S.K.: 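Quick one: structure below, then a few questions.
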Amino acid sequence: MDFSTTEITRYKSFVIEANPPQQGKRAWGTFFVISRERSEGLNRRSFDDDANFSSRLDAVHHCFDFGRRIIDGKVDGLSVDDL
C-alpha cells in the first residue's frame, strides 16, 4: 500500500487515515485506519467495506464519514471503544 497517498483527519480523540485502494481504471474501494494515542502507546485498527466509488476523493470522503460513524457508535458490530 502506498502510504504517500494517505489522507488524514482528526475526529474527537481519534485519527482517521484513509487510503482507498484503486480497483481498476476508474474504481476506488474503501480502506482506512482509526487510531488513538494512549499513555501505553498508539492503538490502531483497520476497516473496509464493499463500497466502490468512481473517484478517489469520493472514496476518501466515504472513509472519513464511515470512520466518524464508527467512532460515534452508529455502525452495528463495529467499535473503537477498546482503542
Side-chain angles (χ1 to χ4, degrees):
M1 186 169 297
D2 180 4
F3 289 101
S4 66
T5 59
T6 299
E7 304 290 336
I8 297 172
T9 191
R10 295 185 181 277
Y11 183 68
K12 296 186 176 179
S13 62
F14 297 88
V15 173
I16 304 169
E17 302 169 57
N19 193 343
Q22 191 165 6
Q23 300 178 327
K25 197 169 189 177
R26 290 194 270 175
W28 298 87
T30 303
F31 179 83
F32 61 98
V33 173
I34 298 176
S35 59
R36 178 192 274 180
E37 185 71 38
R38 297 273 186 144
S39 59
E40 60 273 2
L42 182 68
N43 296 316
R44 300 168 52 90
R45 179 165 307 125
S46 62
F47 297 90
D48 62 5
D49 67 11
D50 294 333
N52 289 301
F53 301 90
S54 59
S55 78
R56 184 177 186 284
L57 185 58
D58 287 344
V60 167
H61 287 204
H62 173 74
C63 290
F64 289 161
D65 291 342
F66 192 26
R68 288 182 193 107
R69 288 184 15 243
I70 292 170
I71 292 166
D72 289 341
K74 296 181 178 178
V75 179
D76 289 338
L78 297 177
S79 173
V80 292
D81 289 343
D82 60 336
L83 288 184

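Everything numeric here is computed off the predicted structure, so don't read it as measured data.
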S.K.: Report, as yes or no, whether the 6.0 Å neighbourhood of atom CZ on Arg38 holds more than 12 heavy atoms from other residues, nucleotides or ligands.
M.R.: yes
S.K.: Determine whether Ile8 and Glu17 make a side-chain contact, defined as any pair of heavy atoms from C-beta on separated by less than 4.5 Å.
M.R.: yes
S.K.: Rounded to the nearest 0.5 Å, what separation is found between the CH2 atom of Trp28 and the CG atom of Asn52?
M.R.: 12.0 Å
S.K.: Taking the side chain as C-beta and beyond, is there a heavy-atom pair between Asp72 and Tyr11 under 4.5 Å?
M.R.: yes
S.K.: Determine whether a donor-acceptor pair (N or O, by modelled atom type, separation under 3.5 Å) exists between the side chain of Arg56 and the backbone of Pro20.
M.R.: no
S.K.: Is the shortest side-chain heavy-atom distance between Val80 and Arg36 below 4.5 Å?
M.R.: no
S.K.: Determine yes or no for a side-chain-to-main-chain donor-acceptor pair under 3.5 angstrom, with Arg69 supplying the side chain and Val75 the backbone.
M.R.: no
S.K.: Which heavy-atom pair separates Asp82 from Ser79 by the least distance, and what is that distance?
M.R.: OD1-O, 4.4 Å
S.K.: According to a hydrophobic-cluster definition based on side-chain heavy atoms being under 4.5 Å apart (Ile, Leu, Val, Met, Phe, Trp, Tyr only), do Phe64 and Val33 belong together?
M.R.: no
S.K.: Measure the spacing between OG1 of Thr9 and CD1 of Ile16 and express it to the nearest 0.5 Å.
M.R.: 6.0 Å
S.K.: If the condition is side-chain contact (heavy atoms from CB on, under 4.5 Å), which residues does Asp49 pass it with, not counting sequence neighbours?
M.R.: Thr30, Ala51, His62, Phe66
S.K.: Rounded at 0.5 Å granularity, tell me how far CG in Leu83 sits from CD1 in Ile34.
M.R.: 7.5 Å
S.K.: Asp65: which residues meet the side-chain contact (heavy atoms from CB on, under 4.5 Å) condition with it, sequence neighbours left out?
M.R.: Arg68
S.K.: So, do Glu37 and Val15 sit near enough that their side-chain heavy atoms are less than 4.5 Å apart?
M.R.: no
S.K.: If you take all heavy atoms of Phe32 and Gly67, which pair is closest and at what distance?
M.R.: CE1-CA, 3.6 Å
S.K.: Indicate yes or no: at least one non-hydrogen side-chain atom of Phe14 is less than 4.5 angstrom from one of Ile70.
M.R.: no
